[in-house]
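Reviewing the structure listed below.
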Number of protein chains: 2
Amino acid sequence: MELKPIIRMKKNLSDEVKENLCDYIRRMDVKKNPKLPSEAALAQILGVSRVTVRRALDDLEQSGLLLRIHGRGTFVNPEAVQIKLNMTEGGELMESIIRSGYEAKVELVRVEEYDADKKLASALQIDIGARVVEIEKVFYADNHPAIVCIDRFPKDILVRPLKEDEYKTTIFDLLRDTAGKTITRDKVEVLSMSRAQMKKYSPFADQMECDSVLVLNSLNYDQNNIPIIFDTEFYNTNYIRYTLMRPKNIHYV
Amino acid sequence: MELKPIIRMKKNLSDEVKENLCDYIRRMDVKKNPKLPSEAALAQILGVSRVTVRRALDDLEQSGLLLRIHGRGTFVNPEAVQIKLNMTEGGELMESIIRSGYEAKVELVRVEEYDADKKLASALQIDIGARVVEIEKVFYADNHPAIVCIDRFPKDILVRPLKEDEYKTTIFDLLRDTAGKTITRDKVEVLSMSRAQMKKYSPFADQMECDSVLVLNSLNYDQNNIPIIFDTEFYNTNYIRYTLMRPKNIHYV
DNA sequence: AAGTGGTCTAGACCACAAC
DNA sequence: TTGTGGTCTAGACCACTTG
């Protein structure tokens with residue numbers, strides 16, 4: 001007996017169902033039988049309504065983990081099992097490196113403070129000339145520089161100066177604990193850059209072991225839709241590669 | 001009166017609600033009042049249940065177009081209006097260029113046929129040595145090469161030889177009409193490449209007006225979860241830039 | 001207190017697949 | 001015919017924001 005009735009702990013039921021199913025799937029022998037119990041059966045076993053089961057399955061299908069075939073059933077997607085980094089999930093860079101199969105290490109490159117220029121001020125919706133903190137960190141994969149990350153945020157959202165060792169923690173935790181801001185979503189722009197171009201942004205560009213980098217420009221918004229952090233991440237895609245599962249909508253005609 | 005009761009035409013009700021709402025939002029004066037009617041009001045006006053309204057709103061929020069604030073209401077997201085290309089949507093490359101604000105043109109670079117090597121055979125789940133068709137096209141933005149696209153698929157899914165002018169149409173339409181295969185989703189790997197590296201894959205690399213390119217390796221699956229097309233797209237991100245809206249899940253603690 | 005979004009349920013009916 | 005996923009509804013209750 002693998003699946004047990006859901007006991008409400010926190011958050012919502014369909015998330016609990018989702019976690020429960022993920023555990024179940026991990027313990028399944030997918031090659032032998034990739035089929036899940038029917039929705040009605042799951043609802044009964046888990047003790048929740050079918051709608052709730054479907055909400056969980058919707059999410060898992062959206063992320064690519066499950067396939068549903070009308071009239072046949074729900075199956076674990078064998079193509080999705082090997083995915084290490086899902087681009088729509090983001091997550092912490094240290095964990096990204098670990099999930100990619102490397103030993104992870106982070107170093108602080110620099111911390112600076114300056115006045116926002118027009119472009120940054122516009123992005124962060126602050127006044128031109130407002131003080132901004134810029135933190136650059138480098139993340140290593142097996143001691144090779146894999147990701148360079150530059151975070152920029154308005155200085156005045158910090159209620160107290162930061163201590164030396166706090167710079168290394170993630171900026172999100174930092175801002176939640178010191179400023180009470182929670183990042184609820186971000187808007188990412190994807191581009192490619194040569195190492196020469198990267199030099200304009202980072203003194204660390206010379207030490208990247210690749211000619212070109214993947215660049216993610218991410219504007220992070222808090223719960224009130226106010227942009228809080230503008231960060232730029234430079235990836236050596238020989239080490240870190242994002243994957244994206246995209247369902248194609250065939251509804252249109 | 002802007003919103004009218006939904007009349008079921010095809011597909012599902014929440015998709016119709018979604019389109020209806022999109023039209024409504026486009027005609028809204030967002031700067032004056034970005035707030036939408038309440039879910040209960042929408043349900044009544046549109047003549048559908050609140051659950052159906054919520055399904056539509058869920059999708060629109062997921063894509064970033066809407067913001068919902070518990071206890072306050074649903075609002076058009078001013079940050080999302082300017083997005084031109086959403087990475088999770090994909091879509092046709094000609095349209096991507098037009099939506100990015102350029103004049104679009106496509107040219108066929110080459111059509112080749114060869115035996116699948118181990119790597120390609122593994123990706124397409126075919127035998128090593130099976131015949132594969134490879135088609136390379138270049139898409140121009142205002143007469144500058146912006147995207148190079150290389151499509152590869154097993155020759156035997158074509159029921160008849162292709163005519164000259166058919167190569168220029170999209171491969172998806174081609175395969176749907178000639179082979180009865182519909183692409184339902186794809187799995188995309190994101191990387192960056194220097195122009196020198198791109199030369200290994202494309203004779204057109206020399207003509208790209210940039211030192212580095214964004215590369216999307218996309219494996220396209222049909223309705224039976226069989227991989228049909230493996231295509232590689234090289235982007236000059238000075239012309240074409242994808243954007244991605246990522247909701248962060250704050251549920252976990 | 002009133003209004004809004006967030007969650008969940010029970011039940012119905014439809015569409016597709018397989019026997 | 002049976003079992004499966006796909007869609008939709010009405011109604012209930014909760015949690016958050018605002019006045």
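Just so we're on the same page: letters track the sequence lines, and every chain starts at 1.
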Rounded distance (Å) that lies between atom [atom2] of [N] and atom [atom1] of [X]:
X        : N      : atom1 : atom2 : result
B:Leu67  : C:dT4  : CG    : P     : 18 Å
A:Arg55  : D:dT7  : CZ    : P     : 16 Å
A:Asp58  : C:dC8  : CG    : P     : 14 Å
A:Asn225 : C:dG5  : CG    : C1'   : 16 Å
B:Leu36  : C:dG3  : CG    : P     : 19 Å
A:Leu13  : D:dC13 : CG    : P     : 17 Å
B:Leu42  : C:dT4  : CG    : C1'   : 12 Å
B:Glu16  : D:dG6  : CD    : P     : 19 Å

Would you say NZ of A:Lys155 has more than 12 non-hydrogen atoms from neighbouring residues, nucleotides or ligands within 6.0 angstrom? no

Note: for B:Leu57 and A:Gly71 on DNA chain C, the residue whose nearest nucleotide lies more 5' is B:Leu57

Among [options], the nucleotide that comes nearest once only the side chain of [X] is considered:
X       : options              : answer
B:His70 : C:dG5, D:dT4, C:dT9  : C:dG5
A:Asn12 : D:dG5, C:dT7, C:dT9  : C:dT7
B:Ser49 : C:dT4, C:dG6, D:dC8  : D:dC8
B:Val51 : C:dT7, C:dC16, D:dT9 : D:dT9

Please tell me if [X] has a side-chain N or O lying less than 4.0 Å from either OP1 or OP2 of [N].
X       : N     : answer
B:Thr52 : D:dT7 : no
B:Arg68 : C:dT4 : no
A:Arg72 : D:dG3 : no
B:Arg54 : C:dG5 : no
A:Thr74 : D:dT4 : no

Could you pull out every donor-acceptor pair under 3.5 Å between side chains of residues 67-76 of chain B and any protein atom, sequence neighbours left out?
| from | atom 1 | to | atom 2 | distance (Å) |
| --- | --- | --- | --- | --- |
| B:Arg68 | NH1 | B:Glu39 | OE2 | 3.2 |
| B:Arg68 | NH2 | B:Asp58 | OD1 | 2.2 |
| B:Arg68 | NH2 | B:Glu61 | OE1 | 3.4 |

Within the structure provided, determine whether A:Tyr235 and B:Leu191 are in side-chain contact (heavy-atom separation under 4.5 Å). no

Strictly distance-based, threshold 3.5 Å: is any side-chain N or O of A:Ser100 a donor or acceptor partner for the main-chain N or O of A:Ser96? yes

Using a strict threshold of under 4.0 Å (side-chain N to carboxylate O), is an ion pair present between B:Arg131 and B:Asp156? no

Reckon B:Arg50 touches a base, only the sugar-phosphate, or nothing at all at heavy-atom distances under 4.0 Å? base

Using a 4.0 Å heavy-atom cut-off, does A:Ile69 contact any base of the nucleic acid, only the sugar-phosphate backbone, or nothing at all? sugar-phosphate

